[in-house]
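Because the structure is a prediction, the values reported are computed rather than measured. All values below were derived from every heavy atom in this structure, side-chain atoms included, with hydrogens, water molecules and symmetry-related copies excluded.
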Amino acid sequence: MIMCSKLNHRTEEITYEGLLRGNKDWVAATLQEDPQFFERLSAGQKPPVLWIGCSDSRVPANQITNTNPGDIFVHRNIANVVVHTDMNLLSVLDYAVNVLEVEHVIVCGHYGCGGVQAAMGNKQFGIIDNWLRNIKDTYRLHYHELDLITNDTKRFDKLVEFNVIEGVFNLTKTSIIQNRWADGKKLGIHGWVYSLDTGLIKDLEVTTESNDHISAVFKMDRPKQEQH
Ligand SMILES: [Zn+2]
């Protein structure tokens with residue numbers, strides 16, 4: 001079993017050509033360890049997990065969970081935001097849940113997230129301001145608690161957590177997830193936060209595994225002909 005957690009102690013700077021050289025080195029090292037690796041993976045994928053994480057280069061899903069190619073289906077965007085109108089995310093979610101039949105969906109944020117930090121401020125950054133406004137909405141939902149935290153770092157950390165929790169909550173509002181649960185399929189939606197300082201993941205313990213606790217207003221009844 002290959003572990004991809006090993007660090008590449010490279011001395012040269014990252015260059016375009018270096019990426020292609022790195023690829024060849026990685027293929028050679030992988031084949032040496034597991035000659036059937038690519039043959040096996042090329043036959044298809046059956047990952048048990050969908051990861052919704054931040055685009056931040058320091059939070060790669062496979063490495064920080066010590067998993068391999070083929071283990072995790074991944075969607076990343078700036079600040080791991082889950083928005084109802086994001087067709088990219090909804091397509092990934094639908095495919096992961098209904099075709100790949102993943103049993104876990106993990107929203108993983110990270111402390112020190114630049115996107116969340118920008119959402120806490122008032123500076124304009126361009127188009128991204130519109131994306132990050134979703135996090136400002138989350139701040140508004142929880143301002144009673146957030147505004148009481150006088151330490152800036154702690155308030156920042158708390159908003160990172162609320163952004164993940166809101167992501168988990170938003171996933172449970174989708175008909176994709178609700179129909180899966182209505183069909184009696186095993187599916188857990190989880191919220192995690194990764195620490196850049198320690199490398200450790202904190203489980204926010206907001207795992208949701210059924211339609212039981214969804215507020216009435218967010219429950220999505222299927223059209224009659226689709227019920228079974
Ligand atoms: Zn981030």
Drop me the distance from [X]'s [atom1] to [Y]'s [atom2], to the nearest 0.5 angstrom.
X      : Y      : atom1 : atom2 : value
Ile149 : Glu145 : CD1   : CD    : 6.0 Å
Gln117 : Ile135 : CD    : CD1   : 11.5 Å
Leu171 : Glu166 : CG    : CD    : 11.0 Å
Arg155 : Leu146 : CZ    : CG    : 7.5 Å
Thr172 : Asp212 : OG1   : CG    : 12.0 Å
Glu161 : Ile165 : CD    : CD1   : 6.5 Å

Do you know which two heavy atoms are closest between [X] and [Y], and how far apart they sit?
X      : Y      : answer
Asn98  : Asp94  : ND2-OD1, 2.5 Å
Phe156 : Cys113 : CZ-O, 3.3 Å
Ile78  : Val81  : O-CG2, 3.7 Å
Tyr194 : Gly199 : CE1-O, 3.1 Å
Gln124 : Asp129 : CA-OD2, 3.5 Å
Leu50  : His75  : CD1-N, 4.4 Å

Measuring only between side-chain heavy atoms, which start at C-beta, is [X] closer than 4.5 Å to [Y]?
X      : Y      : result
Trp192 : Val164 : no
Tyr111 : Asp197 : no
Val83  : Leu89  : no
Tyr139 : Asp147 : yes
Tyr95  : Leu90  : no
Asp86  : Val82  : no
Thr174 : Ile177 : yes
Val160 : His110 : no

Output yes when a side-chain donor or acceptor of [X] lies under 3.5 Å from a complementary backbone atom of [Y], and no otherwise.
X      : Y      : result
Glu209 : Lys186 : no
Ser215 : Val217 : no
Gln178 : Met220 : yes
Asn62  : Asn68  : yes
Arg76  : Gly53  : no
Glu33  : Ala28  : no

Identify whether [X] and [Y] are in the same connected component of the hydrophobic contact network (ILVMFWY, side-chain heavy atoms under 4.5 Å).
X      : Y      : result
Ile14  : Val59  : no
Val168 : Leu159 : yes
Phe125 : Met120 : yes
Ile106 : Phe73  : no
Val102 : Val92  : yes

Please check if atom NE2 in His144 has more than 12 non-hydrogen atoms from other residues, nucleotides or ligands closer than 6.0 Å. no
So that I can tick it off, tell me whether [Y] and [X] are bridged by a salt bridge, with the cut-off set at under 4.0 angstrom between side-chain N and carboxylate O.
X      : Y      : value
Glu101 : Lys46  : yes
Asp34  : Arg40  : yes
Arg180 : Asp183 : no

Check the pair Trp26 / Phe38 against ring-ring contact (aromatic ring centres under 6.0 Å, His included), numbers first and verdict last. CA-CA 12 Å; Trp26 174 73; Phe38 296 106; 5.4 Å; yes
Counterpart residues, salt bridge (charged side-chain N to carboxylate O under 4.0 Å, His left out), relative to Asp56 (two or more places apart): Arg58
Sorted by chain and residue number, the salt bridge (charged side-chain N to carboxylate O under 4.0 Å, His left out) partners of Lys185 (sequence neighbours excluded) come out as none
Pair Tyr143-Leu148, side chain to side chain contact (heavy atoms under 4.5 Å, CB included): steps then yes or no: CA-CA 8 Å; Tyr143 79 94; Leu148 287 177; over 6 Å; no
Establish, for the pair Lys158 and Phe162, whether the NZ or CZ atom is under 6.0 angstrom from the six-membered ring centre and no further than 45 degrees off its axis. yes
Check for me whether Lys173 meets the cation-pi criterion with Phe169, that is, NZ or CZ under 6.0 Å from the six-membered ring centre and within 45 degrees of the ring axis. yes
Let me see the working for Trp51 and Thr65 under side chain to side chain contact (heavy atoms under 4.5 Å, CB included), right down to the final yes or no. CA-CA 11 Å; Trp51 177 277; Thr65 55; 3.9 Å; yes
Distance-only side-chain donor-acceptor flag, Thr138 / Asn163, under 3.5 Å: no
Before giving the answer on side chain to side chain donor-acceptor pair (under 3.5 Å), spell out for Asn77 and Ser55 the whole-Å C-alpha distance, their side-chain angles and the decisive distance to 0.1 Å. CA-CA 5 Å; Asn77 64 49; Ser55 300; 5.8 Å; no
